[in-house]
Amino acid sequence: QVQLVESGGGLVQAGGSLRLSCVASGRTFSPGGMGWFRQAPGKGRDFVASINWTGTSKYYADSVKGRFTISRDNAKNLVYLQMNSLKAEDTAVYYCAAGNIATTPRLYEYWGQGTQVTVSA
């Protein structure tokens with residue numbers, strides 16, 4: 001199976017930037033599409049961004065469009081989420097997921113453990 005590990009989270013002031021990384025490992029040909037989701041305390045897991053295998057198709061939640069950029073480096077089994085102009089509302093645990101490009105969490109087969117992003121006002 002595929003194991004995913006996120007990194008790059010932390011504390012940042014509003015207007016700042018962070019880059020999240022997710023490395024995939026395991027005995028598999030390819031995890032296919034990759035996505036980023038986030039979950040605030042007491043709330044559901046919401047779609048943030050996704051990318052197909054070749055990186056030619058990218059999708060973003062309206063709330064992050066124009067501020068976040070998803071990318072991947074298949075040779076290194078890495079997917080990134082560059083987050084700019086961060087807002088307090090972006091505070092959440094961010095998860096990477098593999099196996100789809102959809103906006104629905106249940107359609108993804110593999111998940112990382114999450115990394116905390118906290119944006120202070």
Side-chain angles (χ1 to χ4, degrees):
Q1 64 176 14
V2 174
Q3 290 81 47
L4 306 175
V5 180
E6 304 95 334
S7 62
L11 175 64
V12 63
Q13 291 192 31
S17 298
L18 285 173
R19 187 179 75 162
L20 306 183
S21 300
C22 176
V23 61
S25 63
R27 299 297 183 267
T28 184
F29 293 112
S30 172
M34 300 284 291
W36 285 97
F37 293 78
R38 65 187 182 185
Q39 186 168 15
K43 298 184 178 180
R45 191 165 296 187
D46 295 328
F47 173 78
V48 176
S50 62
I51 186 170
N52 70 344
W53 173 248
T54 61
T56 56
S57 296
K58 301 176 182 180
Y59 302 95
Y60 298 95
D62 289 340
S63 59
V64 307
K65 194 171 299 180
R67 299 187 298 120
F68 291 10
T69 302
I70 189 170
S71 61
R72 68 190 301 168
D73 184 343
N74 291 339
K76 298 181 179 180
N77 295 323
L78 285 169
V79 61
Y80 303 100
L81 185 68
Q82 178 66 47
M83 306 185 296
N84 299 325
S85 302
L86 283 163
K87 306 174 181 179
E89 308 91 87
D90 296 318
T91 296
V93 176
Y94 283 70
Y95 299 88
C96 66
N100 218 298
I101 195 172
T103 61
T104 305
R106 65 172 295 273
L107 298 179
Y108 288 79
E109 186 173 3
Y110 304 104
W111 292 87
Q113 84 291 339
T115 185
Q116 177 71 49
V117 172
T118 302
V119 184
S120 62

(request) May I ask you to decide if G114's main-chain N or O and E6's side chain share a donor-acceptor pair within less than 3.5 Å? (result) yes

(message) Check whether Y59 reaches the backbone of G35 with its side chain - one donor and one acceptor, N or O, closer than 3.5 Å.
(response) no

(request) Find the distance between CE (M34) and SG (C22) and round it off to the nearest 0.5 Å. (result) 4.5 Å

(request) Decide yes or no on side chain to side chain contact (heavy atoms under 4.5 Å, CB included) for S21 and K76, but give the supporting numbers first. (result) CA-CA 11 Å; S21 300; K76 298 181 179 180; over 6 Å; no

(message) I need the minimum non-hydrogen distance between P105 and W111, along with the two atoms involved.
(response) O-CZ2, 3.3 Å

(message) Ignoring hydrogens, what is the shortest heavy-atom contact between G26 and Q3? Give both atom names and the distance.
(response) CA-OE1, 3.9 Å

(request) To the nearest 0.5 angstrom, please state how far the CZ atom of R19 sits from the OG atom of S71. (result) 7.5 Å

(message) For G8 versus T115, what's the shortest heavy-atom pair and its separation?
(response) N-OG1, 4.3 Å

(request) Please say which of Y94, F68, Y95 ends up in a side chain to side chain contact (heavy atoms under 4.5 Å, CB included) with L20. (result) Y94

(message) For the backbone of W53 and the side chain of N74, can you confirm whether one donor and one acceptor N or O come within less than 3.5 Å of each other?
(response) yes

(message) Donor-acceptor pair, distance only, cut-off 3.5 Å: does the side chain of T118 make one with the backbone of T91?
(response) no

(request) Following the transitive rule for hydrophobic clusters with a side-chain heavy-atom cut-off under 4.5 Å over Ile, Leu, Val, Met, Phe, Trp and Tyr, establish whether F47 and L81 coincide in one cluster. (result) no

(request) Determine, using the 4.5 Å side-chain heavy-atom cutoff (strictly less than), whether W36 and I101 are members of one ILVMFWY cluster. (result) no

(request) Using a 4.5 Å cut-off on heavy atoms from C-beta on, say whether the side chain of E109 contacts that of N100. (result) no

(message) Donor-acceptor check, side chain of Y108 to backbone of A102, threshold 3.5 angstrom: yes or no?
(response) yes

(request) Can you see which heavy atom on D73 is nearest to which on Y80, and at what distance? (result) CB-CE1, 4.4 Å

(message) Donor-acceptor check, side chain of K58 to backbone of T69, threshold 3.5 angstrom: yes or no?
(response) no

(request) Output the distance between atom CD (Q1) and atom OG (S25), rounded to the nearest 0.5 Å. (result) 9.5 Å

(message) Please check this pair: side chain of N52 against backbone of G55, looking for a donor-acceptor N/O pair closer than 3.5 Å.
(response) yes

(request) Mind checking side-chain hydrogen bond (donor to acceptor under 3.5 Å, both in side chains) for R67 and listing every partner two or more places apart, or none if nothing turns up? (result) D90

(message) Are L78 and F37 linked, directly or through intermediate hydrophobic residues, by side-chain heavy-atom contacts shorter than 4.5 Å (ILVMFWY only)?
(response) no

(request) Nearest 0.5 Å please: distance from the CG atom of L18 over to the CD atom of Q82. (result) 8.5 Å

(request) Determine the minimum heavy-atom distance between A92 and A40, stating which atoms define it. (result) CB-N, 3.9 Å

(message) With a 4.5 Å cut-off on side-chain heavy-atom distances among I, L, V, M, F, W and Y, is there a chain of contacts connecting L107 to V48?
(response) no

(request) Check S17 against S85 and note the closest heavy-atom contact, atom names and distance. (result) OG-N, 4.3 Å

(request) May I ask whether V64 and V117 are part of the same hydrophobic cluster, defined by side-chain heavy atoms of I, L, V, M, F, W, Y residues being less than 4.5 angstrom apart, directly or through others? (result) yes

